[in-house]
Amino acid sequence: MPIDVDEVQRRKEIAQATLAVAARDGARAITIRAVAKELGGSTAMVTNYVPTRMALIINAVRAAESRWRTDLEARVGELLGKERLLATVEWNLSTEPDDLLLRTLWVEMLSSLHTDPNGADQREPRESRQEFLDAAAAAGVPDPELAADVLFLLTRGYFISTVEDPSFWTTERATRVARAVVDTLVGR
């Protein structure tokens, strides 16, 4: 008789195990075998839900993205206008303990796009840019489309910069940049 497994829960467990392997041994150590070992089961326990190494990485990043959406909403809450725009940008330019690890995985995921065009989710970047567009329009930015593009590129560049040199690109440095950019876009 087959075991009844909650697929959503199993994917979450696999995501957590993937992050645990990466945190302990580095992103290159992520393999189906290593994640299965972390879970205390067989490789089939993983491959029945996540069939490849890149799928492990994508699963872990997507699990984080859902948490990020919740965190962002909690951060901006009922803020309006320029304050909401600034809080949205500052949140995107912050670094929590797991963020550097997830950004490393995100960069690896993006690097596979030349061999697997379906390897990255196009929904998340579009949602992120839309959040900037909505916040910029609500803040009265004269050209909200341009503002959304600038802010999207700023935050994506920050993600890569924190992977390259995390000690230099601190949250404090990024906050200073965020305020300068938002002030310029809104027009003091």
Side-chain angles (χ1 to χ4, degrees), residues 11-12 15 19 22 27 54-55 57-188:
R11 286 181 174 277
K12 286 179 183 176
L19 292 174
M54 191 51 57
I57 292 170
I58 291 167
N59 182 59
V61 171
R62 286 187 178 150
E65 287 169 355
S66 66
R67 179 180 48 92
W68 291 338
R69 292 274 162 252
T70 303
D71 290 350
L72 175 60
E73 280 307 312
R75 172 79 182 271
V76 299
E78 300 298 318
L79 295 175
L80 301 172
K82 180 181 175 183
E83 289 75 26
R84 184 178 185 90
L85 177 60
L86 182 59
T88 301
V89 176
E90 286 179 348
W91 180 87
N92 276 279
L93 297 181
S94 64
T95 301
E96 297 298 322
D98 288 345
D99 290 346
L100 290 177
L101 176 61
L102 286 162
R103 289 177 189 150
T104 300
L105 297 180
W106 178 76
V107 168
E108 188 158 337
M109 181 180 74
L110 293 180
S111 72
S112 74
L113 286 176
H114 71 283
T115 57
D116 181 9
N118 298 318
D121 184 2
Q122 297 301 312
R123 182 193 51 194
E124 188 282 328
R126 291 185 180 130
E127 287 175 359
S128 181
R129 186 189 172 280
Q130 187 64 47
E131 288 165 355
F132 289 129
L133 178 62
D134 294 345
V141 172
D143 188 345
E145 290 282 341
L146 176 61
D149 290 345
V150 167
L151 296 171
F152 180 83
L153 292 173
L154 171 72
T155 57
R156 296 305 172 148
Y158 175 74
F159 292 171
I160 292 170
S161 296
T162 59
V163 170
E164 289 177 323
D165 191 355
S167 63
F168 183 79
W169 290 104
T170 63
T171 299
E172 294 75 24
R173 181 179 292 276
T175 298
R176 187 169 168 251
V177 171
R179 290 180 179 160
V181 170
V182 168
D183 284 346
T184 301
L185 292 170
V186 172
R188 293 180 189 223

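Computed from a predicted model, the values in this text were never measured in an experiment. Computation of the quantities below employed the complete heavy-atom set of this structure, encompassing side-chain atoms and omitting hydrogens, waters and symmetry-equivalent molecules.
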Legend entry - Candidate pair Glu90 and Arg179, rule side-chain contact (heavy atoms from CB on, under 4.5 Å), full reasoning: CA-CA 8 Å; Glu90 286 179 348; Arg179 290 180 179 160; 2.9 Å; yes
Inset, instruction - Spell out, as yes or no, whether a donor-acceptor pair under 3.5 Å connects the side chain of Ser128 to the backbone of Pro125. - result: no
Legend entry - side-chain contact (heavy atoms from CB on, under 4.5 Å) against Asp71, all qualifying residues, sequence neighbours excluded: Arg67, Trp91
Legend entry - Residue pairs fulfilling salt bridge (Lys or Arg N to Asp or Glu O under 4.0 Å) with at least one residue in residues 150-169, sequence neighbours excluded: Glu124-Arg156
Legend entry - Listed partners of Thr171 passing side-chain contact (heavy atoms from CB on, under 4.5 Å), at least two apart: Ser94, Thr95, Tyr158, Thr175
Inset, instruction - Indicate yes or no: does Glu131 engage Arg84 in a salt bridge with an N to O separation below 4.0 Å. - result: no
Inset, instruction - Would you name the heavy atoms of Ala87 and Leu79 that are closest together and state the gap between them? - result: CB-CD1, 3.6 Å
Inset, instruction - Count the heavy atoms belonging to other residues, nucleotides or ligands that lie under 6.0 Å from CZ of Arg69, then report whether that count exceeds 12. - result: yes
Legend entry - Heavy-atom closest pair, residues Leu19 and Leu101: O-CD2, 3.6 Å
Inset, instruction - Please name the pair of heavy atoms, one in Thr170 and one in Ser167, separated by the smallest distance, quoted to 0.1 Å. - result: CG2-O, 3.4 Å
Inset, instruction - Show the numbers, then the answer: is there a side-chain contact (heavy atoms from CB on, under 4.5 Å) between Met54 and Ile57? - result: CA-CA 5 Å; Met54 191 51 57; Ile57 292 170; 4.3 Å; yes
Inset, instruction - Locate the shortest heavy-atom distance separating Leu93 from Ala178; write the atom from each residue and the value. - result: CD1-CB, 3.7 Å
Legend entry - Flag side-chain contact, heavy atom, 4.5 Å: Glu65 against Val61: yes
Taking distance alone, no hydrogens or angles, what donor-acceptor pairs closer than 3.5 Å link side-chain atoms of residues 147-155 to residues at least two apart or in another chain?
from	atom 1	to	atom 2	distance (Å)
Asp149	OD1	Arg129	NE	2.6
Asp149	OD1	Arg129	NH2	3.1
Thr155	OG1	Leu151	O	3.1
Thr155	OG1	Phe152	O	3.0

Legend entry - Side-chain donor/acceptor of Arg173 to backbone N/O of Phe168, under 3.5 Å: yes
Legend entry - Residue pair Leu85 / Val141, side-chain heavy-atom distance below 4.5 Å: yes
Inset, instruction - Specify the closest pair of heavy atoms between Ala27 and Leu105, including all atoms of both residues, with the distance to one decimal. - result: CB-CD2, 3.7 Å
Legend entry - Qualifying residues under ring-ring contact (aromatic ring centres under 6.0 Å, His included), relative to Phe159, sequence neighbours excluded: Trp106
Inset, instruction - With the side chain counted from C-beta on, respond yes when Asp183 and Lys82 share a heavy-atom pair under 4.5 Å apart, and no when they do not. - result: yes
Legend entry - Non-hydrogen side-chain atoms of Gln130 and Leu133 separated by less than 4.5 Å: yes
Legend entry - Residues forming a side-chain contact (heavy atoms from CB on, under 4.5 Å) with Glu78, sequence neighbours excluded: none
Inset, instruction - Would you indicate whether the side-chain heavy atoms of Ile160 and Trp169 approach each other to under 4.5 Å? - result: no
Legend entry - Arg103 versus Asn92, closest heavy-atom pair with distance: NH2-O, 4.2 Å
